[in-house]
Amino acid sequence: MKLAEIAAPDFDLEKTLNSGQVFHWEKIGNGFGGAIGDRAVCVEQRGDDLFTRNDSAELVRNYFALDHPLAEICASFPNDALMQKARDYCRGLRIIRQPRWECLATFICSSMKQVAHIRQISHALRRRFGRPRKIDNSELYSFPSAQRLAESSEKELRECALGYRAKNLLATARLVRANEADPEAWAALSDVELRTRLCALPGVGAKVANCVMLFAYERLRAFPIDVWIERVLRESYFPRARKLNAMRLRTFTQEHFGEHGGYAQQYLFHHARMNKRIDGGRRAVGAKKNGTRPAFVPQSRDFGAASAACPSKMTKARA
DNA sequence: CTCCAGGGATGAT
DNA sequence: ATCATCCATGGA
């Protein structure tokens with residue numbers, strides 16, 4: 001099979017795959033191997049070009065969102081000091097288009113886990129329940145369908161190191177199998193409606209819902225707030241705030257980061273994680289704060305924008 | 001509003 | 001080899 005050469009300016013494959021949005025790609029030779037949906041794919045970047053097998057070219061172009069106008073997106077970020085640093089550091093990082101069920105299931109498994117561990121869970125689920133796909137000399141696995149996972153048991157899922165998440169993943173898979181939840185059909189919903197549906201699933205709260213919206217539904221405003229982002233936001237934008245509840249933080253992010261807030265979030269997240277030891281992560285927080293000027297001091301404005309909160313869990317679906 | 005289960009990787013000693 | 005730390009959701 002011949003290799004296709006895909007023009008990929010403004011793209012950094014490694015940063016994109018290692019930024020905590022997707023967890024199953026492995027380094028193979030000079031490139032990366034992984035499943036895109038049901039297909040096994042190898043991709044290698046050389047300069048501004050990607051190389052992959054001819055019959056995967058369109059799939060790769062779409063998956064890695066090479067059509068996103070990255071220059072415009074970055075230009076839409078606020079111009080505060082922190083955001084500029086993150087933007088420089090993350091040049092070429094793109095928010096990719098992941099399969100909906102795969103992304104939802106993976107982020108249900110991600111709760112209270114660090115990136116390294118989420119990778120292990122993703123691989124364990126694939127090896128046990130997915131379909132093997134050979135490519136070159138590697139054996140890769142597709143992510144198991146909701147139907148397949150719905151047939152499994154909580155015990156089997158726990159054997160994939162899911163811990164208490166097994167119950168939630170199983171319950172959600174069964175809702176999808178029973179057609180009480182339809183992640184594909186939800187692509188047509190508004191942001192607010194989509195978030196409501198996602199949050200009604202067991203194991204899905206505001207953070208996971210926003211991840212899934214961003215990484216699988218191309219809702220580029222969705223702004224997941226995890227502990228890293230919250231720390232960064234507090235330190236940079238609310239250095240003196242005594243109490244700062246989740247609602248106020250959400251309202252601020254929607255207002256400050258705007259229509260591509262999800263991209264901004266991913267850049268801030270990746271920058272913070274990669275620089276945790278250099279410019280002082282949590283260890284240095286209380287230690288020394290010399291000369292750290294807030295990147296942006298919010299005015300006392302009324303952020304009236306719609307919040308990205310989860311609806312009440314009263315409406316949580318039963319499995 | 002607060003408190004806490006949960007469990008395996010990771011980094012520090 | 002041990003020990004502290006990291007973490008989202010959901011329920012008390």
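Quick note on labels: first sequence line is chain A, next is B, and so on, each numbered from 1. All heavy atoms count here, side chains included; hydrogens, waters and symmetry mates do not.
- Judged by Watson-Crick or G-U wobble contacts below 3.5 Å, the nucleotide B:dA12 has C:dT2 as its partner.
- Summarising the geometry, the separation between CZ on A:R273 and P on B:dA9 is reported as 17 Å, rounded to the nearest angstrom.
- Following rounding to the nearest Å, A:L162 (CG) and B:dG7 (C1') show an atom-to-atom distance of 11 Å.
- For the pair A:R158 and B:dG7, the criterion of a side-chain N or O lying under 4.0 Å from OP1 or OP2 is met.
- Closest contact between the side chain of A:Q114 and the listed nucleotides B:dC1, C:dC7, B:dG7 involves C:dC7.
- The residue A:K207 sits close only to the backbone: its heavy atoms come under 4.0 Å of sugar-phosphate atoms, none of a base.
- A straight line from CZ of A:R195 to P of C:dT9 spans 12 Å, rounded to a whole angstrom.
- Relative to the six-membered ring of A:F51, A:R46 meets both conditions, a distance below 6.0 Å and an angle of at most 45° to the axis.
- Residue A:Q120 places no side-chain N or O under 4.0 Å from the OP1 or OP2 atom of B:dG8.
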*Determine, step by step, whether A:F252 and A:F223 satisfy the ring-ring contact (aromatic ring centres under 6.0 Å, His included) criterion, reporting the C-alpha distance in whole Å, the side-chain angles of both residues, the deciding distance to 0.1 Å, and the verdict.*
CA-CA 11 Å; A:F252 166 74; A:F223 197 106; 8.6 Å; no

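- Distance A:E154 CD to B:dG7 C1': 14 Å, rounded to the nearest Å.
- Of all nucleotides listed (B:dC1, C:dC7, B:dG8), B:dC1 comes nearest to the side chain of A:N245.
- A straight line from CE of A:M112 to P of B:dT10 spans 16 Å, rounded to a whole angstrom.
- Between A:Y63 and A:W25, the ring planes lie tilted relative to each other; the angle falls in the 30° to 60° range.
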_Please evaluate residues A:Y267 and A:Y89 with respect to the criterion ring-ring contact (aromatic ring centres under 6.0 Å, His included), reporting the C-alpha separation (whole Å), side-chain torsions for both, the decisive distance (0.1 Å), and the verdict._
CA-CA 8 Å; A:Y267 280 35; A:Y89 184 81; 9.6 Å; no

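- You'll find that the side chain of A:A116 is closest to B:dA9, out of C:dC7, B:dG7, B:dA9.
- As a whole-Å value, the separation of A:K113 NZ from B:dT10 P is 11 Å.
- Residue contacts for A:D226: at a heavy-atom cut-off of 4.0 Å it reaches the sugar-phosphate backbone alone, with no base atom in range.
- At C:dC6, none of the side-chain N or O atoms of A:W228 fall inside 4.0 Å of OP1 or OP2 (strictly under the cut-off).
- Contact annotation: A:R165 does not reach the phosphate of B:dG8 (side-chain N/O to OP1 or OP2, under 4.0 Å).
- C:dA12 is paired with B:dT2 under the Watson-Crick or G-U wobble criterion, all donor-acceptor distances under 3.5 Å.
- At whole-Å resolution of the value, NZ in A:K167 and C1' in B:dG7 are 17 Å apart.
- Computed from coordinates, the A:N168 CG to C:dG10 P distance equals 7 Å when rounded to whole Å.
- A:R119 comes within 4.0 angstrom of no nucleic acid atom, judged by non-hydrogen atoms across all strands.
- The aromatic rings of A:F64 and A:F11 are tilted relative to each other, their planes meeting at an angle between 30° and 60°.
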